[in-house]
Amino acid sequence: MHKNLNNLEIAELLRAVAAAYKLKGQSENKFRIVAYERAADAVEHASSELKDLWDEGKLDDIPGIGKSIAEHLDEIFRNGKSKHFEEVMKGLPPAMFELMKVPGIGAKTSFKLTRELGIKDSKNAISQLEKAVKKGKVRNIEGFGEQSEESLEKSIKETKERTVRIILPYAQKIADDIIAWVKNDKNVQRADALGSLRRKASTVGDIDIAASSKNPIETINHFTKYPNATRVLEKGERTAGIIVAGGKQVDLMVEKPEAYGALLQHFTGSKHHNIALRELALKRNLSLSDYGIYFKTKNRKTLKKIETEEEFYKTLGMDWIPPELREDTGEIDMALKHNLPDLVQLSEVKADLQIHSSFDIETSHDLGESSMEEVINKANSLGYEYVAFTEHNPSKSGHNETQTVEILKRKCEKVDKINYSLRTASARNELRRVKKVFNSLEIDILPNGKLPVSDKGMETLDFALVSIHSSFRQNRVDMTRRVLSAMSHPKVKIFAHPTGRKLGAREGIDLDWEKIFDFCLKNNKWLEINADPMRLDLPDFLVRDAVKLGVKLTFGTDSHHIDSMDNMVFGVSVARRGWATKKDIVNTLSLEDFEKVLK
DNA sequence: GCCGTTTTCGGCCCGACTGTTTTCAGTCG
């Protein structure tokens, strides 16, 4: 019954065990509880499914999972349950673990509520609590009052309509507009996004912004007058919160310039990064907070204000860490050793390797909206040296082999003409930056691993991308075989949007990544980082794995209109979160070098 | 229960908010 728990379910289980320990002895189990909560966190953030790690006998590869928890999980994967976990949770109502999903309800509160209200069924536990709150039954329970009833009502409502995390570019746009507004205040010296937004995670929960200001109170006042704010939630001396059009909450935290570094560092997170830093600080008799760094001596501690993040990290004896790396996955060690990677930058990108033009090749999927000429103009403005036209292949059902080849030859001629004019133009005018366009194609990988374009058709191409647009649910073995078969064609260089995920909409496909990475290494094939904000695929954690092994990656915006070509920056963010440097990304190469590796 | 460049024993992050209580427990990020 429990045998195929995914990571989220395992994390939930571990949290339930921690909650059970809280009830069965908060003080004597204090650190055991912390350990279980940390294990839950670690599982949630793990880049591989635990079930897979267990298959390979590598459960304790996850930091936070030691011998004991690994044994219990082993039992669960084999028998579907753990005697120990059942023992710990014995006598506790299962409904209480459901109630804990409501913000503000922890282990103790949850237990009390289920007991006092007689909530038995975990399926509708939250609804039952809601009814009790509305009837005013909760205020009679010891430790609760009218106000707690009120806040419970709000939290339950929030849980039910829990706002999903929004995709990065949307959050970025909201934040950029507000940062610009905040900077209008003459007291403000700096303003930055915070949290997962500053760390460029693919989705963002809350939007928080920091400002350094000589006069925080005036700055808070200015912030609450933001024209697009629909409501001001709270307004204190150091923080304020507003709701902007679209219903998203934005919080501002303000600090004097001389203490801004500590604030910025603290609220950029991640939580795990900061916890690791604080533990390290303790060993050096330092204590970290958002106000600064405390230096501890025998009987007192003195606060040192920290003006910049650089100073913050330097005080801990390490290099400044780019926000994208602050996930406690080895960056602290590297910063201590002054050995952080030199992450790839947008300015180093020399090409966009997935663009769909409006040149009609009767494709199987959607055609682009901008002409090849428009794309080249846009590429010039972005400073690129080359681009690849990667329309979808001509539809398989609508054309026979001869017709497909004819269509592809037509496109090849068009690209040849453009390249001719680029050569003559660049001889005349240095300002034209794009020197060459590549004749490519984004080809469907059919469910059997074959390609819908014959060898004759493939010959017209400089190189091809392959990708999956159907049969997403094949099992891992078949899917891996399918992809490797498609990538084996000599003209295929890039596996595009490899997991096929759509953020908030569709899970990725199931692939044996070790085999894919290995194949890429041995055959000089590349994996795309698709910069489409809905995709951001390869995901950052797989980028990290690929980079470790030396697998080469490419950037493509998958643009169907020239405006989308600006999305490249989000692809770069994914790469940076995956520790990629310039040498890991093929299209940071100059045109000359790119043509060499294409061979 | 986990973990190790001061440790295989003896530690384990910090601060704020909330609500109900008279000094604090529970929860959160």
Side-chain angles (χ1 to χ4, degrees), chain A residues 14-15 17-23 25-43 59-73 82 84-85 88 99-113 138-152 154-155 158 194-196 205-206 208 233-234 236-239 241 249 251 253 262-263 265-294 296 301 303 316-318 328 332-334 336-337:
Chain A
L14 293 172
R15 266 187 240 290
V17 175
Y21 272 121
K22 277 184 197 170
L23 291 165
Q26 168 94 289
S27 50
E28 65 264 35
N29 290 309
K30 192 175 167 195
F31 295 110
R32 188 174 282 118
I33 291 164
V34 174
Y36 270 98
E37 281 173 345
R38 284 190 163 198
D41 277 348
V43 172
L59 259 192
D60 45 18
D61 273 14
I62 308 256
I65 294 192
K67 194 161 167 276
S68 169
I69 293 182
E71 271 172 21
H72 300 319
L73 291 179
S82 147
H84 176 70
F85 288 176
V88 177
L99 285 192
M100 286 173 61
K101 289 178 183 166
V102 178
I105 300 186
K108 304 265 172 92
T109 310
S110 189
F111 180 70
K112 212 185 219 177
L113 285 171
V138 172
R139 70 184 67 177
N140 299 326
I141 303 172
E142 198 195 336
F144 292 85
E146 278 182 49
Q147 289 190 67
S148 40
E149 231 172 31
E150 211 172 283
S151 75
L152 272 177
K154 277 186 199 152
S155 310
E158 275 170 28
L194 296 168
S196 52
D206 300 326
D208 297 324
L233 289 175
E234 46 159 352
E237 291 184 354
R238 193 179 185 233
T239 68
Q249 179 174 344
D251 291 332
M253 346 260 317
L263 176 88
Q265 196 287 327
H266 180 86
F267 288 105
T268 295
S270 66
K271 185 175 141 194
H272 293 94
H273 175 82
N274 283 355
I275 288 174
L277 281 185
R278 282 182 219 129
E279 286 181 349
L280 181 93
L282 273 188
K283 291 173 188 164
R284 303 177 181 195
N285 281 321
L286 302 172
S287 172
L288 310 179
S289 90
D290 50 324
Y291 292 102
I293 298 181
Y294 291 96
K296 292 193 281 193
K301 54 181 194 176
L303 177 68
L316 292 171
M318 61 180 82
D328 189 26
I332 292 173
D333 234 20
M334 294 296 238
L336 284 167
K337 291 174 184 153

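In the text below, chain A, chain B and the rest are named by the order of the sequence lines, each starting its count at 1.
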> Measuring from the side chain of A:Tyr294 (C-beta onward, heavy atoms only), which nucleotide among B:dG19, B:dG15, B:dG1 has the closest atom?
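Selected nucleotide: B:dG15.
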
> Can you tell which of B:dC3, B:dC14, B:dG26 lies closest to the side chain of A:Pro63?
B:dC3

> Can you measure A:Arg238 atom CZ to B:dA16 atom P for me and round it to whole angstrom units?
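So the CZ-P distance, A:Arg238 to B:dA16, works out to 8 Å.
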
> Return the value, rounded to whole Å, for the distance between atom CZ of A:Arg284 and atom C1' of B:dT6.
11 Å

> Quick check for you: to the nearest 0.5 Å, what is the distance between A:His72 atom NE2 and A:Lys67 atom NZ?
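Going from NE2 on A:His72 over to NZ on A:Lys67, the span is 10.5 Å.
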
> Could you state the CG-P distance from A:Leu23 to B:dT27, rounded to the nearest angstrom?
9 Å

> Without decimals, in angstroms, what is the distance between A:Lys22 NZ and B:dG26 P?
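Computing the A:Lys22:NZ to B:dG26:P distance gives 10 Å.
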
> Determine the minimum heavy-atom distance between A:Ala39 and A:Ile69, stating which atoms define it.
CB-CD1, 3.7 Å

> Among B:dC14, B:dC12, B:dG26, find the nucleotide with the atom closest to the side chain of A:Glu279.
B:dC12

> Does a side-chain N or O of A:Ser148 approach OP1 or OP2 of B:dT20 to a distance below 4.0 Å, or not?
yes

> Report which part of the nucleic acid A:His272 touches: base, sugar-phosphate, or nothing (heavy-atom distance under 4.0 Å, all strands).
nothing

> How many whole angstroms separate atom CD of A:Gln249 from atom P of B:dG29?
12 Å

> In this structure, how many angstroms lie between the P atom of B:dG4 and the CG atom of A:Asp333, rounded?
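So the two atoms are 10 Å apart, to the nearest Å.
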
> Want to settle it: does A:Ile105 or A:Phe144 sit nearer the 5' end of DNA chain B, counting the closest nucleotide to each?
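Between the two, 5'-proximity favours A:Phe144.
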
> Among B:dC2, B:dG26, B:dT6, find the nucleotide with the atom closest to the side chain of A:Lys283.
B:dT6

> Describe, in one word, how the ring planes of A:Phe85 and A:Tyr36 are oriented to each other, choosing from parallel (under 30°), tilted (30 to 60°) and perpendicular (over 60°).
perpendicular

> So does A:Glu279 pair up with A:Arg38, basic N to acidic O under 4.0 Å?
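Salt bridge: yes.
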
> CG of A:Leu336 versus C1' of B:dT6: gap in Å, rounded?
15 Å

> Looking at B:dG1, B:dA16, B:dG19, which one has an atom nearest to any side-chain atom of A:Ala35?
B:dG1

> Rounding to an integer number of Å, can you tell me how far A:Glu142 CD sits from B:dA25 P?
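To the nearest whole Å, that distance equals 14 Å.
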
> So which nucleotide from B:dG1, B:dT20, B:dT6 ends up closest to the side chain of A:Tyr36?
B:dG1

> Taking the nucleotide of DNA chain B with the closest heavy atom to each, which residue, A:Ile33 or A:Ile275, is nearer the 5' end?
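Nearest-nucleotide comparison on DNA chain B picks A:Ile33.
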
> Counting only side-chain heavy atoms from C-beta out, which of B:dT20, B:dG15, B:dG1 sits nearest to A:Phe31?
B:dG1

> Syn versus anti for B:dT7, judged by chi lying within 90° of 0?
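In terms of base orientation relative to the sugar, B:dT7 is syn.
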
> As a test of reading the structure: which of B:dG15, B:dG1, B:dT27 is closest to the side chain of A:Tyr291, going by heavy atoms?
B:dG15

> Closest approach of A:Lys108 and A:Lys22, non-hydrogen atoms and distance?
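That closest heavy-atom pairing would be CE-O, 3.5 Å.
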
> Does any nucleotide pair with B:dT8 by Watson-Crick or G-U wobble geometry, both distances under 3.5 Å, and what is it?
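B:dT8 is unpaired by these criteria.
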
> Which nucleotide wins on minimum distance to the side chain of A:Leu282, given the candidates B:dG26, B:dG1, B:dC12?
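Selected nucleotide: B:dC12.
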
> Decide if atom CD of A:Glu146 counts as having more than 12 heavy atoms of other residues, nucleotides or ligands within a radius under 6.0 Å.
no

